[in-house]
Amino acid sequence: MIRKVKGTRDILPPESRLWQAVEAEAVRTFGAFGYDEIRLPLLEPTELFVRGVGEGTDIVGKEMYTFTDRKGRSLTLRPEGTAGVARAYIENGLGQRPHPLRLFYAGPMFRYEKMQRGRYRQFSQIGIELLGAATPEADVEVLLALHTYLGRLGFDDLVILLNDLGDPEDRAPYVARLKEELGPHREALCADCRRRWDENPLRILDCKVERCREIVSGTTPIAETVSAEARAHVDRVRELLETLGVAVRPAPRLVRGLDYYMRTVFEVVSPALGEHAVICGGGRYDRLIADLGGPAVPGVGFAIGEDRLVDVLPEAYCRRVLEVPFVAVVPVGAAAAAAQALAQRLREAGVRTEVEVSGRSLRAGLKWAAKTGARVAVIVGEDEAARGEAVVRDMAAGEQRTVTVDALVEAVEPLLEADGGADDGH
RNA sequence: GUGGGCGUAGCUCAGCUGGUAGAGCACAGGAUUGUGGCUCCUGUGGCCGUGGGUUCGAGCCCCAUCGCCCACCCCA
């Protein structure tokens, strides 16, 4: 048997409906904020991510799907979306369009990681990027869009964690200060943190080991050391969010794994998935486009992990999406044509309608209709077809009546309105 | 990359101290030749993850390998 590649997955019906719903809601919500979709290649020059995401990051250092093509060029399956957006901005001269630019994207990303729940090698992200505005108000818009989106999906327990990373110039002095403060405790840190000491000292702040947390809790938060401008920026973001009623929790030790972030950084974690399960991450990246050789255009955005989002979707929302009422048309005898014609009438009225096309007996046909969960069965035999009629059967109630073809839609529709929790269980 | 758990039907699993493979659910048909969900009957479906070894004989024991899951790391 040929099996799927490790870390990839098959999204089968009916779960695929949740994915469609989440994506459609993203188009709707972010569209309402003025964001239009940008569709980008999955394949990019490796150089883009090395320079964009950062050579020292885990993503670039050990997680990329990189290969050389037939002409010896080094290509990489995109591990994230923002670098591609920046590349497209530069390459297509989007700087010529009225700013700011509001862009939305959704699609698969690839990272070579050892997988576990909520972590795949091919996973999907939904994200937005606001390019060309450096103000706190821009950050606030992005966060408001995120908050609105999650709210529309029915989440009420998700918290946005927010921190201030300062400007790139603030980074080195802070790291020096951090090491100074941690120095006396260096030997008490966990093995991972002693490794991080040289590789990525900021990540020590994020360590989950109890002893490390204690040590780290005594250090100065990065936000207290950053430039006055950066600090004022993020303070303003918090202030505006508060007046808008967007709940945000300060997270002084929050750092992110991508080099391009600065000032405002944030994450959304799901209690349902545990502390590590970040379902959304984002922040400001004012230097990225310039670092990639483009104009000095600021940006802010986020990426939502669609797999994780779908995984923790509120149950009520799932029910609404999954329980779409539908009609099963069952022909009896030589009534196949009449069955299809009836089905078309229903479909034109917007009713989801399936026709029994396996040549089953009426008995088996109804059994099939019940099993697939049809709310209503429409039965049509040669007699009914000849008279221009059909039998409309309410599957939950077990009652039926004969109606003319012209009255079919109005006979069926009220039966679909009902909550219909009575039928098919499990 | 590190540590742990598990691989038998589409799914959940049983399978005794080694004796040639089972159940429930699901799926298809029938009992009821034009009426479903209950019941009953029948049927489809397995190189027991794979390879090697021990043995008269391996689903079971041994070795290897692959795959899956969980935690760490990291991130979405």
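As judged by a 4.0 angstrom heavy-atom cut-off over every strand, A:Ile379 is placed among the base-contacting residues. Nucleic acid contact for A:Glu384: base, since at least one base atom lies under 4.0 Å from a heavy atom of the residue. Among the heavy atoms of the strands lying under 4.0 Å from A:Glu63 are primed sugar atoms or P, OP1, OP2 only; no base atom is included. A:Arg111 comes within 4.0 angstrom of a base, heavy atoms only. A:Gly398 comes within 4.0 angstrom of a base, heavy atoms only. At the heavy-atom level, A:Asp307 lies nowhere under 4.0 Å from the strands shown.
Under the 4.0 Å criterion applied to side-chain N and carboxylate O atoms, A:Asp167 and A:Arg263 are assigned as salt-bridge partners. With respect to the salt-bridge test (charged N to carboxylate O, under 4.0 angstrom), the residues A:Glu25 and A:Arg28 qualify. Contact check on A:Glu315 versus A:Arg319 returns no salt bridge, with no Lys/Arg side-chain nitrogen under 4.0 Å from an Asp/Glu carboxylate oxygen. Between A:Glu47 and A:Arg87 there is no salt bridge, since none of the side-chain N atoms of the basic residue sits less than 4.0 Å from a carboxylate O of the acidic one.
With no hydrogens or angles considered, a side-chain donor-acceptor pair links A:Tyr35 and A:Glu141 at under 3.5 Å. For A:Thr219 and A:Arg253, the side-chain atoms include at least one donor-acceptor pair closer than 3.5 Å.
With hydrogens and angles ignored, a donor-acceptor pair under 3.5 angstrom links the side chain of A:Arg308 to the base of B:C75. Judged by distance alone, with hydrogens and angles left aside, A:Glu382 brings no side-chain donor or acceptor close enough to the base of B:G34 to form a pair under 3.5 Å. Contact annotation: side chain of A:Arg363 to base of B:U32, donor-acceptor pair present below 3.5 Å.
If you measure from atom NZ of A:Lys367 to atom C1' of B:C38, you get 11 Å, rounded to the nearest angstrom. The interatomic distance linking A:Met115 (CE) with B:C72 (P) rounds to 15 Å, in whole Å. Whole-Å rounding puts the A:Lys4 NZ to B:C68 P distance at 8 Å. A:Leu12 has its CG atom 12 Å from the P atom of B:C11, to the nearest Å. Rounded to whole angstrom, the span from the CG atom of A:Leu313 across to the C1' atom of B:A76 amounts to 15 Å. When rounded to the nearest whole Å, the span between OH of A:Tyr120 and C1' of B:C74 equals 16 Å. To the nearest angstrom, C1' of B:G4 lies 19 Å from CZ of A:Arg117. In this structure, CZ of A:Arg78 is placed 13 Å from C1' of B:A76, rounded to the nearest angstrom.
Between the C1' atoms of B:G46 and B:C61, the separation comes to 23 Å (whole Å). The separation of B:G18 from B:A9, taken at their C1' atoms, amounts to 23 Å, rounded to a whole angstrom. Of the C1' atoms belonging to B:G15 and B:U20, the separation is 14 Å, rounded to the nearest Å. Nucleotides B:C60 and B:U2 place their P atoms 29 Å apart, quoted to the nearest Å. Taking the P atoms as reference points, B:A58 lies 11 Å from B:G19, given to the whole Å. Rounded to a whole angstrom, the distance from the P atom of B:U65 to that of B:G3 is 14 Å. As rounded to the nearest Å, B:A23 and B:U35 have P atoms that lie 33 Å from one another. Comparing B:G7 with B:C48, their C1' atoms are spaced 10 Å from each other, to the whole Å.
OP1 or OP2 of B:A28 sits under 4.0 Å from a side-chain N or O of A:Lys371. An OP1 or OP2 oxygen of B:A28 is reached within less than 4.0 angstrom by a side-chain nitrogen or oxygen of A:Arg360. Dashed line: the shortest gap from a side-chain N or O of A:Arg203 to OP1 or OP2 of B:C73 is not under 4.0 Å. Residue A:Gln116 has a polar side-chain atom (N or O) positioned under 4.0 Å from OP1 or OP2 of B:A71. Contact between the side-chain N/O atoms of A:Lys62 and the OP1/OP2 oxygens of B:G1 is not found at any separation under 4.0 Å.
B:C60 is unpaired under the Watson-Crick or G-U wobble criterion, no partner having all donor-acceptor distances under 3.5 Å. Of the nucleotides present, none pairs with B:U20 by Watson-Crick or G-U wobble criteria with both distances under 3.5 Å. With both pairing distances under 3.5 Å, B:C27 is matched to B:G43 as a Watson-Crick or G-U wobble pair. Here B:U32 sits opposite no nucleotide as a Watson-Crick or G-U wobble pair (both hydrogen-bonding atom distances under 3.5 Å).
In this pair, A:Phe123 lays its aromatic ring flat on the base of B:A76, centres within 5.5 Å and planes under 30 degrees apart.
Between A:Tyr285 and A:Tyr260, the ring centre distance stays below 6.0 Å.
The nearest heavy atom of RNA chain B to A:Val5 and to A:Gly281 marks one nucleotide each, and the one closer to the 5' end goes with A:Val5.
Cation-pi check for A:Arg121 over A:Tyr112 is met; the charged atom lies under 6.0 angstrom from the ring centroid and within 45 degrees of its normal.
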